[in-house]
Structure formats: structure tokens, C-alpha cells
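The next block holds one structure in the form of C-alpha cells; read it before the comments.
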Amino acid sequence: MPELPEVETIRTQLESLIVGKEILSMGVKITKIGRRAKLLLIYLDNNGYLVFHLKLTGRILVRKNSDPKDDWQRITLPLSDDLELRFCDARKFGWMKFIKNKEELDKLLEKLGPEANSVSFEEFKKILSTSRRPVKIVLMDQEKISGVGNIYANDALWLAKINPRTPANQLSNQLTNQLFDAILKVLKDGIKYGGASDQHYLKPDGTRGEYQKHFLVYGRSGEPCLKCKIKIVRIVIGGRGTFYCPNCQK
DNA sequence: CGTGGGACCTGAACGC
DNA sequence: TGCGTTCAGGTCCCAC
């Protein structure tokens, strides 16, 4: 899915599109849009929340109610001003939950690790030092660090010149630093380009993100490394496609 | 503790 | 055209 930059892009757009609107079928108003890790939070004026996880193929679209149905439209929330919030999901892995109050929300979020784009370096270092698993697995473990998925994990590791199989606790201070900076950089670029519309992801206004045009290694197997021109290789780590340069990422 | 595999679902791309 | 295979921004659960 949608990783941190995609969900953050959705959050920002929804802020201008639907804050202040009423959800007609629920009789509540939307007061604020939030995000925690890869979860989108819609704050309601009855102290409740609508929480979405888009998994691999979820989309949240804001349309006029007279607009034609969207592909894979699963949930439709009628809004004031003739708008609709549509949750579309080809593979049906995504979900939406109504959460009654802050305590329930906290419970839902309690296991998530710190946000990948705001964790302190000291904490980041500590998290990596306590696991022998491949660093790529740790980066994608939402209970350790949250928000990073397969695209940005691959790109950050390439940028930091780290082999994705390296045990997390074996990274030198120097490499840990490089990785910390690389994660911030790729997430920031992801947000700057409005996310990666490689497959299903679209912004709420229906337009595509552009980060897929700036992939560093993700999805580039067989193509030349952007630094050394050696062919990018695809392997599988933890069941996920993993892309890296065998020359730059020893 | 850690890993590997399968499950959940659907659709696109590619090989024959 | 059609059929089979592989792959896909995620997470959960179970066996070893």
C-alpha cells in the first residue's frame, strides 16, 4: 500500500477537501484529518474517528455524487455539498473502522513504533542494535519503526549503500547514520512527489502521484544502477521482492 | 527469539 | 484467444 508518503499525501488533500463537511449517513462533521504510520484518521465531532488502512490497493477518493462510479468502489460516504468519500480497493485487504473514542484509538495504535520521519537518531540506533534480523525486515516492522514499506525501504537502503540482508545490529555508526538520513530523504521525496502511483494508489482528487518516476532501485531489476550502471538484482527477503545493487550495496 | 510459508483477494503482465 | 504462472505500496497466523 500506500506507505507513509502516500497516506500523508492523502491526509493533506483531504484536509482541504473534506474538513468541515458533514457525513450525511452518520450525522457527524469532520473536524480534522490525521495520520499514524500507514493509517489514515478522520476525526469526527462526536469524539469518534474513522480509521482506514489501505493495505496494497486501497484508494480514498473524493467525488461529486453525480460522478460515475469508480472501479472497485466498496464504501461510499455521502458528504454535504453533494460530495462523496469513496473507499475503493481491488484486492479487498484494506479496511475502515469506526472508533468510538480516544481510548479505543490509543488501543488500536499502541503497538506501532515511532514514526520513521520523526524518530530521533538515538532511538533509531537503539532499535536497530537490538535485532539480528536483516535490516530491511526491521525497517518494515511496524512495531519497531512505522511508516516504511517495501518501496521506501528498498530505496533508502540503496541510498545508504547498505545490503538489505545485513543484520540490523551489525551496522556501523557511520552506516546507521547514512541509513537514518536516507530514510528521511526518500520519505521526503515521496511526499514531495505526492506518493508512488506504481499500481493502484491515487490521490483523493483522482490524480496520480509521481514518485514512481523517481524510484532509485524499487522495481528496477535488470536496469542499470543509477550510480555504477551494474544491473539491479531482485531477491526475496521475508517473502518480499527486494531490489539492490550488488556493487554499491555490499 | 527468528524465519519461512501460506492465507487473505483480485488483476495485470507475460510466456507458450 | 486462452490458459498457466508470477507478481503486486501489507499484515496476520502457524509450524519449525
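Letters A, B, ... mirror the listed sequences (proteins, then strands); counts begin at 1.
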Q. CG of A/Leu50 to OH of A/Tyr43: how many Å apart, nearest 0.5 Å?
A. 12.5 Å
Q: Could you tell me whether A/Arg11 and A/Glu15 make a salt bridge, using a distance below 4.0 angstrom between a side-chain N and a carboxylate O?
A: yes
Q. Do any N or O atoms from the side chain of A/Asn163 and from the backbone of A/Arg165 form a donor-acceptor pair under 3.5 angstrom?
A. yes
Q) When you measure from every atom of DNA chain C, which of residues 184-193 of chain A have a heavy atom less than 4.0 Å away? A) none
(Q) Between C1' on C/dG10 and CD on A/Gln142, what's the gap in Å once rounded to a whole number? (A) 8 Å
(Q) I'd like to know if the side chain of A/Ser16 pairs up with that of A/Gln13 as donor and acceptor (distance under 3.5 Å, no hydrogens or angles considered). (A) no
Q: Could you tell me the separation between the CD1 atom of A/Ile235 and the C1' atom of C/dC7, rounded to a whole number of Å?
A: 16 Å
Q: Kindly point out which of C/dT11, C/dC7, B/dC9 is positioned nearest to the side chain of A/Lys92?
A: B/dC9
Q | Closest-nucleotide ordering on DNA chain C, the 5'-leading residue of A/Tyr218 and A/Glu143 | A | A/Tyr218
Q. On a whole-Å scale, what distance lies between the P atoms belonging to C/dT6 and B/dG6?
A. 12 Å
Q) Roughly, in whole Å, what's the span from CG in A/Asp141 to C1' in B/dC1? A) 13 Å
Q. Can A/Ser129 and A/Asn169 be counted as having a side-chain donor-acceptor contact under 3.5 angstrom?
A. no
(Q) I'd like to know if the side chain of A/Lys136 pairs up with that of A/Thr242 as donor and acceptor (distance under 3.5 Å, no hydrogens or angles considered). (A) yes
(Q) How close do A/Phe124 and A/Val119 get, counting heavy atoms only, and between which atoms? (A) N-CG2, 4.0 Å
Q: Go through residues 123-134 of chain A and report each residue with a non-hydrogen atom lying under 4.0 Å from DNA chain C, sorted by number.
A: none
Q: Grab the CD1-P distance between A/Ile137 and B/dG2 for me, whole Å please.
A: 11 Å
Q.
For B/dC9, give the paired nucleotide (Watson-Crick: N1-N3 plus N6-O4 or O6-N4; G-U: N1-O2 and O6-N3; both under 3.5 Å), or none.
A. none
(Q) Nearest whole Å is fine: how far is B/dG2 P from A/Lys144 NZ? (A) 7 Å
(Q) Rounding to an integer number of angstrom, what distance separates C/dC13 and B/dC9 when you compare their P atoms? (A) 15 Å
Q: Report the relative orientation of the aromatic rings in A/Phe52 and A/Phe87; use parallel for angles under 30°, tilted for 30 to 60°, perpendicular for over 60°.
A: tilted
(Q) Need one value for A/Asn150: base, sugar-phosphate or nothing, where a base atom within 4.0 Å counts as base even if backbone is also close, heavy atoms only. (A) sugar-phosphate
Q. Quantified in whole Å, what is the P atom distance between nucleotide C/dT5 and nucleotide B/dA7?
A. 15 Å
Q) Mind checking whether A/Tyr152 and A/Tyr211 have ring centres under 6.0 Å apart? A) yes
Q) Considering residues, nucleotides and ligands other than A/Lys102, do more than 12 of their heavy atoms fall under 6.0 Å from its NZ? A) no
Q. Which letter, B, S or -, goes with each nucleotide of nucleotides 11-16 of chain B from 5' to 3', with contact meaning a protein heavy atom under 4.0 Å?
A. S-----
Q) At under 4.0 Å between heavy atoms, what does A/Arg59 touch on the DNA or RNA strands: base, sugar-phosphate, or nothing? A) nothing
Q | Salt bridge A/Glu104-A/Lys107, side-chain N to carboxylate O under 4.0 Å | A | no
Q) Between A/Phe180 and A/Phe121, how do the two ring planes meet: parallel, tilted or perpendicular, split at 30° and 60°? A) perpendicular
Q) If you measure from the ring centre of A/Phe93 to the centre of the six-membered ring in the base of C/dT11, is it under 5.5 Å, with the planes under 30° apart? A) no
(Q) From CG of A/Asp89 over to P of B/dT10, roughly how many Å is that when rounded to an integer? (A) 10 Å
**Q.** Integer-rounded Å distance: B/dG5 P and A/Ile237 CD1
**A.** 13 Å
Q) Once you round it to whole Å, what is the distance between P of C/dC12 and CE of A/Met140? A) 13 Å
